[in-house]
Amino acid sequence: MGIFEPFRAIGYITSNVPISVQRLGTETFVTVSIGKAFQIYNCAKLNLVLVGPQLPKKIRALASYRDYTFAAYGSDIAVVKRTHQVATWSKHSAKVNHLLLFGDHILSVDVEGNIYTWNFKGIDENVAPVGHMLLEGKFTPSCIMHPDTYLNKVIVGSQEGTLQLWNISTKKKLYEFNRWKSSINCCISSPALDVVAVGCADGKIHVHNIRYDEEIVTFTHSTRGSVTALSFSTDGQPLLASGGSSGVISIWNLEKRRLQSVIREAHDCAIVSLHFFANEPVLMSSSADNSIKMWIFDTTDGDPRLLRFRSGHSAPPLCIKYYANGRHILSAGQDRAFRLFSVIQDQQSRELSQRHVTKRAKKLKLKAEEIKLKPVIAFDVAEIRERDWCNVVTCHMDTTQAYVWRLQNFVLGEHILSPCPENPTPVKACAISACGNFAVLGTAGGWIERFNLQSGISRGSYGDISEGNNYAHDGEVIGIACDSTNTIMISAGYHGDVKVWDFKGRALKSRWDIGCSLVKIVHHRSNGLLATVADDLVIRLFDVIALRMVRKFEGHTDRITDMCFSEDGKWLLTSSMDGTLRIWDVILARQIDAIQVDISITALSLSPNMDVLATTHVDQNGVYLWVNQAMFSGAVNFESYGSGKQIVSVKMPSVSSEEGSQNDGDRPTVKSQDVLDTSHFATSDQQIPDLVTLSLLPKSQWQSLINLDIIKERNKPIEPPKKPEKAPFFLPSIPSLSGEILFKPSDVAEEKNAQDGKKEENWRKSNLPVSQFLQILQSSAKSENFAEFTDYIKTLSPSTLDMEMRVLQLIDDDNEQDLENRQELYFIGLLLDYFIHEISCRNNFEFIQALIRLFLKIHGEAIRCQPKLQVKAQKLLEIQADVWQRVDKLFQSARCMVTFLSNSQF
């Protein structure tokens, strides 16, 4: 248990597993692997539509059919229907490397040459394979495909350079092709019958006729590495696309038998998959560089152009920082990319442009990677001047200049900041002032200089006159910070000296020595505390105004990689190469939480709202998010979630955000004697613990119960004025003073009214006629199973239910002795028992709530006057309060999430 729980990982697009493309109706979807989970994108805009569950091991092969996704991990195959795993196929004894959709079957191939046939129709009844084949001799399978129109036949390629044709129905090998001496990496069927294309490790592509075992044409691109992916165009153009291990895509013209075009630097790593869309001039490519791209052939010269793409870091990020009130994360990686990730909507994530890198690379005949800026080692951002000028400054590895970025346009700025042009040394530290007008840079030679961000002009340097030179520090500047009022500037040197400068006058105000080499500093502008990390693994907090150390934290056993303050300044979060993340309480001067992760954290950043923590890890290309469970659960005391000095092992966040670090049983539970125990009530087999189940009725049906009186009044027809009925001739008439004739009721009329009242009284005092509604209620109460009664009342209309409730209404309640024996009270008590049972089981929640409201509206006065009914009503109130309290706790998380997203722009 810890304050931060795993939430999800962002920035993962694809891995080195071939993609699976399928068409459903008019839309095309692509399924990609991202480690232990898979994602499905809609190819119309490459927007993410579904994330699969987290599997025990990394995915090695994928196949998809409608709602089903088949993922091979280790020696097992997971069958997932949308996001729920419905079956696991576990017949293989070796690692499964290939899956092939074959009609209503799936073929799986492992490294030992076993091919199993699985039927996914009726998965619930049968999880055993329906067929098995073992490849003969020294044959290591490397690919599998099904030639069009070849019934029950598949072609299997090998690392030994041979192809075998097998009949999966008879389980016999029909033919073997021994024409190639190089390992076969891929094999694909062409639109022409009997023709396949074979890609080999020596860089050759063989277009082969398998019916006559004849070579049609051979292409070679050995200069671009081995052939790793192939795809034929099906829109009428005779094109063959091939991907190489160097990341280059080659387009071959089959009619002219020559190379038509080359997409240089299509990807940074080897091409994993290529796929031409059916009857469309669009090619999709995926690579191990964490990107998928779509290319369209619509130019006059036939060359493809980039249509749309999704990409993430192709190398681990080095530093991250929250931006835009926690909605975005700025990330810089070893792949020389500077990216902005959206925490809310993944489609808004993008890479900041470095101004025509591809065009400049083509002119200089260089790789785009060589044109890009070197990896970012430090950066700072200010949101206050985003709309005016550049608001981000970055320091790059072994670079003597610092660069500025305009986040409003997501591009590199027009100014380049070059401190100390007389003796240039690499820039190591940077900071932007609180006003957003100035950027302060520190170099490896100890030089500190201030620049204006709007004009890029230098505004003076900070020099220590006492040392007899213009340099601020004797060695490398490892950190710079500015206060919130532009009064002071703080700098730290590698040799352990921390100096406080007058920001405007650039004069040295004070200094102190740590006593050992410094690694990193972090300043909190609100409380004025400066946190320093030294080589002795001790974290020291200094009061910059009082110039004295106020806190000292020890506990890490390896190099501290990063640290950050919470927005309110009460917490200090630190990460280390020992794999721990520790949270220190600055006020109490002690550690309040520590978690151990499998992969060490390299950078971290806490959102301004303190609800989400972002981390990066060693050799991981994504950004991992951790949610502050104490904040989202509405807890006031954070200590109940913290582990104190104890270190708790926690799993890293997954992409699907389904698995957490602990089970629900590990979470703290609050026990109270005042809460009613409802465990003795039976719950439905489909009931999820601690949740409520809705009735699935139309909204109008249960809402009409509440507003039935209003509906009747609104729908009441407007009657035209009626003509007064003529009085009977035998009634005596009395003339009034105004001349009108007034009719006096006769004795006959009075006698008739008296007889009607007597009949109604006799009917009320007789036994209540038991309708089907009451019969089912009585039988359900005797058997203590109200399922039949619930199903019955669901079929009734709102007006019928209202009528059945009003039949039980007490009208002549003058005689209290006879009132206790009235049949209506018996059935009112049964209805109260029914409501108690249904609320306790948490079934048909919204429908029962509407029924209770209608019931109390009609019979509330009768319940108030009867002691027996009062006891049941009190029990119903306690159970209702208990169940709603549990549901309300679950709603608190949703309320916090809505509050978090309320100011977001989609």
Side-chain angles (χ1 to χ4, degrees), residues 318-319 377-380 395-400 402 419-420 422-431 439-450 460-483 488-503 506-524 528-554 556-565 572 574-577 602-603:
L318 295 174
C319 44
I377 58 174
F379 71 90
D380 197 12
C395 307
H396 299 261
M397 185 181 297
D398 300 329
T399 304
T400 58
C420 192
E422 298 83 9
N423 186 18
T425 53
V427 180
K428 294 294 185 179
C430 62
V440 185
L441 306 179
T443 68
W447 183 272
I448 298 179
E449 191 168 350
R450 185 178 63 187
S461 62
Y462 296 82
D464 191 352
I465 303 177
S466 62
E467 296 183 358
N469 53 40
N470 293 328
Y471 288 88
H473 292 272
D474 192 20
E476 176 185 334
V477 179
I478 60 99
I480 296 176
C482 301
D483 70 340
I488 60 174
M489 188 273 293
I490 309 162
S491 64
Y494 174 75
H495 296 297
D497 52 335
V498 180
K499 298 182 179 181
V500 181
W501 309 81
D502 181 17
F503 184 85
R506 307 193 306 276
L508 181 64
K509 299 181 66 175
S510 59
R511 61 170 294 171
W512 68 87
D513 291 328
I514 302 298
C516 54
S517 299
L518 285 175
V519 177
K520 189 178 183 64
I521 66 168
V522 173
H523 179 253
H524 192 271
L529 293 180
L530 179 72
T532 64
V533 175
D535 284 342
D536 58 358
L537 307 181
V538 178
I539 304 166
R540 298 174 176 87
L541 266 66
F542 293 90
D543 190 331
V544 178
I545 305 300
L547 301 178
R548 63 187 181 90
M549 186 173 67
V550 295
R551 293 289 186 270
K552 189 177 182 179
F553 299 129
E554 298 181 15
H556 287 292
T557 59
D558 203 344
R559 179 173 62 89
I560 298 175
T561 56
D562 200 3
M563 59 182 177
C564 70
F565 279 100
L572 177 66
T574 59
S575 62
S576 171
M577 291 301 293
T602 56

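Quantities reported herein were computed from a predicted structural model and do not represent experimental measurements.
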> Quick one: side-chain contact (heavy atoms from CB on, under 4.5 Å) partners of T399, sequence neighbours excluded?
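If we apply the side-chain contact (heavy atoms from CB on, under 4.5 Å) test to T399, skipping adjacent residues, the hits are K374, H396, Q401, Y403.
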> So does M577 get a backbone contact from the side chain of T561, meaning a donor-acceptor N/O pair under 3.5 Å?
no
> Within the 4.5 Å heavy-atom criterion, are K428 and V477 side-chain neighbours or not?
no
> Considering residues at least two apart in sequence or located in another chain, which fulfil the side-chain contact (heavy atoms from CB on, under 4.5 Å) criterion with A492?
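Here the qualifying residues are I478, V498, L518, I521.
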> Would you mind listing every side-chain hydrogen bond (donor to acceptor under 3.5 Å, both in side chains) that reaches into residues 542-554, with sequence neighbours excluded?
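Counting only pairs at least two positions apart or across chains, no side-chain hydrogen bond (donor to acceptor under 3.5 Å, both in side chains) contact touches residues 542-554.
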> Is there side-chain contact between V544 and I490, with heavy atoms separated by less than 4.5 Å?
yes
> Do D497 and D474 come close enough that some side-chain heavy atom pair is under 4.5 Å?
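A side-chain contact is absent here, since even the closest heavy-atom pair is not under 4.5 Å.
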> Counting N and O atoms only, with roles assigned by atom type, does the side chain of K499 sit under 3.5 Å from a partner on the main chain of A472, one being a donor and the other an acceptor?
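Yes; at least one donor-acceptor contact below 3.5 Å.
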> Should F503 and I488 count as side-chain neighbours, where that means a heavy-atom distance under 4.5 Å?
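In short, these two side chains do not touch, never coming nearer than 4.5 Å.
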> Tell me if a side-chain donor or acceptor on R506 pairs with a main-chain N or O of S461 at a distance below 3.5 Å.
yes
> With a 4.5 Å limit on heavy-atom distance, are the side chains of Y494 and H473 in contact?
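A side-chain contact is absent here, since even the closest heavy-atom pair is not under 4.5 Å.
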> So which pairs with a foot in residues 439-448 pass side-chain hydrogen bond (donor to acceptor under 3.5 Å, both in side chains), sequence neighbours left out?
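For residues 439-448, and leaving out neighbouring residues, the side-chain hydrogen bond (donor to acceptor under 3.5 Å, both in side chains) pairs sorted by first residue read T425-T443, W447-E449.
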> Please name all residues satisfying salt bridge (Lys or Arg N to Asp or Glu O under 4.0 Å) with D502, sequence neighbours left out, ordered by chain then number.
none
> Check side-chain contact (heavy atoms from CB on, under 4.5 Å) between V522 and all other residues, then give those that pass, not counting sequence neighbours.
K520, M563, F565
> Does some side-chain heavy atom of T602 sit less than 4.5 Å from a side-chain heavy atom of D562?
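No. Closest side-chain heavy atoms not under 4.5 Å.
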> Is the shortest side-chain heavy-atom distance between Y471 and N423 below 4.5 Å?
yes
